S.K.: 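I have a structure I would like to understand better, so I am pasting it below and will then ask my questions one at a time.
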Amino acid sequence: MGFSKKGFIGAIGDDLPSLIPIVFALLIFFSAFTATLAIYNSENAAVQTDMGMLSIARNLKGDSLVLNLSQFQERCDNVRLPNYPYNFMVAIYGAEDDLSTVVNDFAESRVTMDNEQGSDNFLEGKIGTSDEPFLCGYKKLGSKDFGDIRGGSNNVREEYTLRYYPVAVQTEITINGVDYFVIIPGVMAMILW
Amino acid sequence: MVKLNSKGQAALMDSLFFLTIVAAITAMLFFYMTSYGEQMNGQLDAFYTKDFAADSLKVITYVNVLRDGDSLEEYLAGRRSDETPQFDYLLTLMKEDYSDKQEFSGTTVQAIALTLNSVLKPFSSVDYAFYLLSESKTDFLFLMLSIHEGALTPAGDNKFDVVYVNRVFYNCNPQKQDILAKYVTPYVGQVDQSKGKITFVESGAKDSDGKPFIIGLDVWISRDLPVIKDLDLQATIPGQDFNCSEIMTCEEGQECVMK
């Protein structure tokens, strides 16, 4: 009895139809794997960002009392060490202030290690004889300013994280020509990108 | 007898089995992908909200108030210049009142309401309860509730328009310490609590004889809860159990009005 050759294409030819589901399966698998890996990396980055923000906020607000602008700037200097991994800006508002402009206020502001240019909406404190805003921040070398990422470009989505923290701020007020130090409630706004 | 070659069919079945297995693995990957990070994000959010409640309580105890109970913002805004103000810590007013009468005066209650409103004003979507509990007694030394009250009007198709929403402050005097745990906490979702210990001393007593109290702040996202809606003294049970009187009403964008 000889070997029947009906329907026989060849050693490889016979297997060609089975290649279709195999190729399809491999395509599905690697697509899903790539998508999962991308989401895994994205979630990890978001978690790291949130943890960084938690750490910065706890260092800056301390026990939720800011006695003066010098103390605030000193705490900020302790946080923004060289090669700090995050871009951030922190500012303090009065509790009565409208917070709907916060993102625009940060977009207008610029911070360097030696200088801050802040929005007029920020709470101000005295350094010497001049009033300066309660504002501090850090920008990695080569990173864009927050205002520039909001200018937005093309198809790249730049994300930022914004949180608010209640703080008490000691401030100087003058009533009837007499200076008083009073502690008022404020809001510390932090943005990280 | 003709034998059909079955090698090609076997290979095809194998590849279909392979496709089935890969489809199952892909489904597991998608399931993992949708739920990855949820637990960690939830924990980080919990850290933030717990910090928020703790920071709010600290700020309330740090801030200065006017000794006549009026709004400090009036002076800061330059709207009162008729007399030299007297500032002090809110805790000082509370301790002085306790020392005299073991209860808070109307001026102090007003100062507490204005301070709470000022500290938590930027976080307008929350309701909260500020309280002082005795460790040795069953009732509250002080309980203030700040909740949203408003009215809706039907706008057709199961939709409603907001007529108004105000923040109302109540000074309550319930008889039992578990009233919040019984009527509020289980029904408003996540409640972020912050507590601390504080000592009040009665007049003539030594500091070492001070009585310990728990000072607390419970914060939750505002919810429409029937028992909270009905806090007036004439309300039906269980609103009556709170034994509240309205202290202050704050409309959005306007100054608060004391009752």
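What you see is a predicted model, and the numbers here were worked out from it, not measured in a lab. Residue numbers start from 1 in every chain, and the chains themselves are labelled A, B, ... in the order their sequence lines are given, proteins ahead of strands.
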S.K.: Identify which of A:I28, A:D97, A:D63 forms the greatest number of heavy-atom pairs closer than 4.5 Å to chain B.
M.R.: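 Of the candidates given, the most pairs with chain B belong to A:D63.
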S.K.: B:N41 versus A:E43: any side-chain heavy-atom pair under 4.5 Å?
M.R.: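 Counting from C-beta outward, B:N41 and A:E43 do come under 4.5 Å.
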S.K.: What are the two closest heavy atoms between A:A168 and B:V59, and how far apart are they?
M.R.: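 Shortest heavy-atom contact: N-CG2, 3.6 Å.
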S.K.: Contact between B:L44 and A:M51 at the side-chain level, heavy atoms closer than 4.5 Å - yes or no?
M.R.: yes
S.K.: For the atom pair CG (B:L12) and CD1 (A:I22), what is the distance rounded to the nearest 0.5 Å?
M.R.: 9.0 Å
S.K.: Above 12 or not: heavy atoms from other molecules or residues under 6.0 Å from CD of B:E135?
M.R.: yes
S.K.: Counting only heavy atoms not in B:M258, do more than 12 sit closer than 6.0 Å to its CE atom?
M.R.: yes
S.K.: Is the closest side-chain heavy-atom distance between A:Y180 and B:F87 below 4.5 Å?
M.R.: yes
S.K.: Which one wins on heavy-atom pair count under 4.5 Å against chain A: B:L120, B:V119, B:L16?
M.R.: B:V119
S.K.: B:L29 versus chain A, heavy atoms under 4.5 Å apart: side chain, backbone, both or neither?
M.R.: both
S.K.: Could you tell me the separation between the CD1 atom of A:I183 and the CG atom of B:L90, rounded to the nearest 0.5 Å?
M.R.: 12.0 Å
S.K.: Check whether B:V63 gets within reach of chain A through its side chain, its backbone, both or neither, counting any heavy atom under 4.5 Å.
M.R.: both
S.K.: Select one option (side chain, backbone, both, neither) describing which atoms of A:F30 are under 4.5 Å from chain B's heavy atoms.
M.R.: neither
S.K.: Heavy atoms, side chains only, cut-off 4.5 Å: are A:L26 and B:F18 in contact?
M.R.: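 Answer yes - side chains close enough.
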S.K.: Would a 4.5 Å heavy-atom cut-off, applied to side chains only, mark A:I39 and B:Y36 as touching?
M.R.: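 No. Closest side-chain heavy atoms not under 4.5 Å.
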S.K.: Please report the interatomic distance OG1(B:T61) to CG(A:L65), rounded to the nearest 0.5 Å.
M.R.: 9.5 Å
S.K.: Using atom types as modelled and distance alone, determine if a side-chain donor or acceptor of B:D55 lies under 3.5 Å from a backbone N or O of A:S64.
M.R.: no
S.K.: CE/B:M40 to CG/A:N44 distance, rounded to the nearest 0.5 angstrom?
M.R.: 8.5 Å
S.K.: Using a cut-off of under 4.5 Å on heavy-atom pairs, state which of B:P122, B:A23, B:A54 scores highest against chain A.
M.R.: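 Of B:P122, B:A23, B:A54, B:P122 has the most heavy-atom pairs under 4.5 Å with chain A.
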S.K.: Could you look at A:L99 and say if it's the side chain, the backbone, both or neither that has a heavy atom under 4.5 Å from chain B?
M.R.: side chain
S.K.: Crowded around A:Q71 CD? As in, over 12 foreign heavy atoms under 6.0 Å?
M.R.: yes
S.K.: If you define the side chain from C-beta out and look only at heavy atoms, does anything of A:L54 sit under 4.5 Å from B:D51?
M.R.: yes
S.K.: Please classify the contact of A:V47 with chain B as side chain, backbone, both or neither, using a heavy-atom distance under 4.5 Å.
M.R.: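 Backbone plus side chain of A:V47, per the 4.5 Å heavy-atom cut-off to chain B.
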S.K.: Among B:Y48, B:Y89, B:F47, which residue has the highest count of heavy-atom pairs closer than 4.5 Å to chain A?
M.R.: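 So the answer, after comparing B:Y48, B:Y89, B:F47, is B:Y48.
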S.K.: Check step by step if side-chain contact (heavy atoms from CB on, under 4.5 Å) holds for A:F33 and B:T26.
M.R.: CA-CA 8 Å; A:F33 184 79; B:T26 303; over 6 Å; no
S.K.: Indicate the atoms forming the closest heavy-atom contact of B:S118 with A:E96, along with that distance.
M.R.: OG-OE2, 3.6 Å
S.K.: Between B:V22 and A:A25, which heavy-atom pair has the shortest distance, and what is it?
M.R.: CG1-O, 3.2 Å
S.K.: So does A:K126 have more than 12 non-hydrogen atoms from other groups sitting under 6.0 Å from NZ?
M.R.: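 Buried by this count: over 12 neighbours within 6.0 Å.
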S.K.: Tell me whether the count of non-hydrogen atoms from other residues, nucleotides or ligands lying under 6.0 Å of CG in A:N41 goes above 12.
M.R.: yes
S.K.: Which bit of A:A38 is near chain B, if near means a heavy-atom gap under 4.5 Å: side chain, backbone, both or neither?
M.R.: neither
S.K.: Determine whether A:P166 and B:F52 make a side-chain contact, defined as any pair of heavy atoms from C-beta on separated by less than 4.5 Å.
M.R.: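 Yes, at least one pair of side-chain atoms sits under 4.5 Å.
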